[in-house]
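Below: one structure, written as structure tokens.
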Amino acid sequence: MDVLQQLISGLMLGSLYALLAVAFTLVIGVLNFLNFSIPGIFMMGGMISWGLMSQTNMVWWLAMAIALAACVVASLLVERFTYRFMKMRFGDATEHATPLVSSLGFLILFQGLVLIKWGPEMQYFPSPWQDPNLRIGELVIGLPQLASLILALVLVGGLSLLLARTGLGRAIRAIAESPDTAAMLGIRVNRIVPAVFIISGLLAGLAGVLFSLNYLQASPRMGDEIATLAISAMVLGGLGSVWGAVIGGLFLGLVQVMVIQFFGAEFLRAILWGLLLVIIVVRPQGVFGGSKISKGKF
Amino acid sequence: MTKPLLEIQNLSKNFSGLDVIRDVTFHVNEGERMALIGPNGAGKTTMFNLITGVYPVSQGSIRMAGEDITTASDRSRAQRGIIRTFQNIRLMPHLTAAENVMLGQTCHSHGIWSWLAPVGLQSSRSRKEADHALEVSGLLEYRDMLTYDLPYGVQKRIELARALSAKPKLILLDEPAAGLNPSETDDLAQQLLDISASGVTLLTVEHDMHFVRRLSQRVIVLNFGSLIAEGTAAEVQNDQHVLEAYLGSDRKLEEEVAT
């Protein structure tokens with residue numbers, strides 16, 4: 001029973017990594033651009049919904065909706081001043097490291113703004129539920145955790161349907177293969193790329209909100225560690241592979257919980273990163289990735 | 001029927017001081033089959049890139065069906081019916097043949113519904129159109145295959161099917177016969193004649209002079225970015241400027257020109 005309980009906790013933790021990993025992998029897959037501002041957007045999801053709830057007594061669902069809207073706006077700002085800026089200036093943004101560095105600048109900017117507004121302390125995140133736990137026999141399932149897992153699977157399922165079956169998805173995949181040819185075929189690259197950032201920002205913000213709900217805390221630095229895990233999950237699954245990112249995320253969540261259960265928390269980092277190192281050495285393209293990065297995405 | 005469809009007026013393009021296209025003026029009439037030839041580096045592909053809006057022009061103007069499109073976007077040119085194929089095939093390698101063909105229709109889609117419509121479904125209009133386009137090109141068997149490992153000749157035909165699915169008025173063909181064997185070349189010429197008979201205007205860049213003679217009613221010749229001759233295939237092949245431009249620069253064509 002104990003193992004089953006851990007298994008459930010691991011999957012639920014992993015679903016947060018998965019959401020964030022998908023946010024990363026989508027932008028990488030389409031634009032070949034590692035968007036470092038994503039941990040900042042994740043953090044804003046948590047901090048802004050906390051700020052609205054605790055400082056203006058706003059009802060939780062409205063606070064979270066506004067926080068998500070802010071995350072989308074932030075993501076669009078990043079698109080405008082990193083990817084699109086380079087595209088307009090140099091005709092091509094994917095061959096330069098500049099958008100990557102500028103997106104790192106946005107991460108610092110987002111964190112800085114939140115620090116100025118609310119200070120560096122970790123904040124208590126009020127739970128919208130009286131008893132946030134669901135009990136089935138001896139199993140305890142946190143409602144926020146369950147929500148994360150279900151939302152992650154539903155959203156990613158929807159996303160892969162969107163990519164595979166809709167005109168937008170086909171246009172996104174065409175841009176991923178060749179933005180120039182896509183533009184010449186009449187695909188509105190300048191509208192589709194922001195759509196990718198909207199989806200990515202929404203996923204990152206939602207992961208932030210769910211993280212805060214799970215751990216009942218929010219802080220300006222909450223994105224830092226989880227982002228390294230999300231990037232690892234993405235690499236594990238294979239860059240640009242949406243389901244790879246989900247499975248990588250769930251796997252890391254499981255490993256993390258199991259290591260703590262059987263070896264103790266002090267071994268967590270050594271075992272987790274050691275395992276990742278081994279996997280990357282054995283299979284550098286990731287478990288679901290093609291043999292070559294930037295080919296055969298999604 | 002002799003209304004000009006595409007009008008190129010005093011067009012110039014330079015890349016950081018190097019003149020690639022110099023003051024070129026020509027037009028393509030509606031329904032015409034025209035060829036653009038010239039030695040390697042003459043500026044033929046650059047001309048296509050200017051017409052489709054890949055590069056901004058340095059000077060001069062481009063008009064399509066009487067409207068100025070010199071500064072129009074890629075998409076608006078595609079919507080006006082200017083569609084091209086590429087010298088190095090530019091299919092999306094990890095999309096299926098049907099998806100590639102459906103991409104050709106994108107320039108005519110509008111609004112949020114066209115984005116979210118389930119185009120992958122067998123019953124959708126877009127899918128039916130693509131199936132039809134593949135069927136008439138004899139490509140139905142490749143419909144659900146990813147295009148990257150299909151044979152070269154098949155990829156070329158899929159690219160042409162994609163161009164047709166955009167309902168073009170003018171197709172720019174960049175070396176359509178390159179890399180094809182004689183029987184494939186023959187099939188292609190016949191298919192292009194059929195396309196032309198359906199009212200589509202063709203502008204072709206091609207090195208194979210047999211193919212040019214068979215396909216084209218009128219030929220223009222570029223050399224070092226300038227227009228040096230215009231006329232029927234037979235006329236330009238005997239033109240003194242053209243002979244000088246080709247001699248020693250391209251053996252295959254030199255032989256072709258001599259015959």
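Each chain gets a letter, A, B and so on, in the order the sequences are listed, and its residues count up from 1.
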State whether a side-chain donor-acceptor pair under 3.5 Å links B/Asp68 with B/Thr70. yes

For residues 51-61 of chain B, run the donor-acceptor check on the side chains, cut-off 3.5 Å, and write out each pair with its distance to 0.1 Å, sequence neighbours left out.
residue	atom	partner	partner atom	Å
B/Thr52	OG1	B/Phe48	O	2.8
B/Thr52	OG1	B/Arg84	NH1	3.4
B/Ser58	OG	B/Asn14	N	3.0

Pick from B/Ser76, B/Cys107, B/Ala78: which one has the most heavy-atom pairs with chain A under 4.5 Å? B/Cys107

Assess, by modelled atom type and distance only, whether the side chains of B/Ser126 and B/Gln105 contain a donor and an acceptor separated by less than 3.5 Å. yes

Please state whether the side chain, the backbone, both or neither of B/Glu99 comes within less than 4.5 Å of a heavy atom of chain A. both

For the residue pair B/Thr45 / B/Asp174, report whether a side-chain donor-acceptor contact shorter than 3.5 Å exists. yes

Cut-off 4.5 Å, heavy atoms of chain A, and the answer for B/Leu103 is both

Cation-pi check, B/Lys13 onto B/Phe15 ring (under 6.0 Å, within 45° of axis): yes

With only heavy atoms counted, which part of B/Arg77 is less than 4.5 Å from chain A, the side chain, the backbone, both or neither? neither

Please look at B/Tyr148 and chain A and tell me whether the side chain, the backbone, both or neither of the residue comes under 4.5 angstrom of a heavy atom of that chain. neither

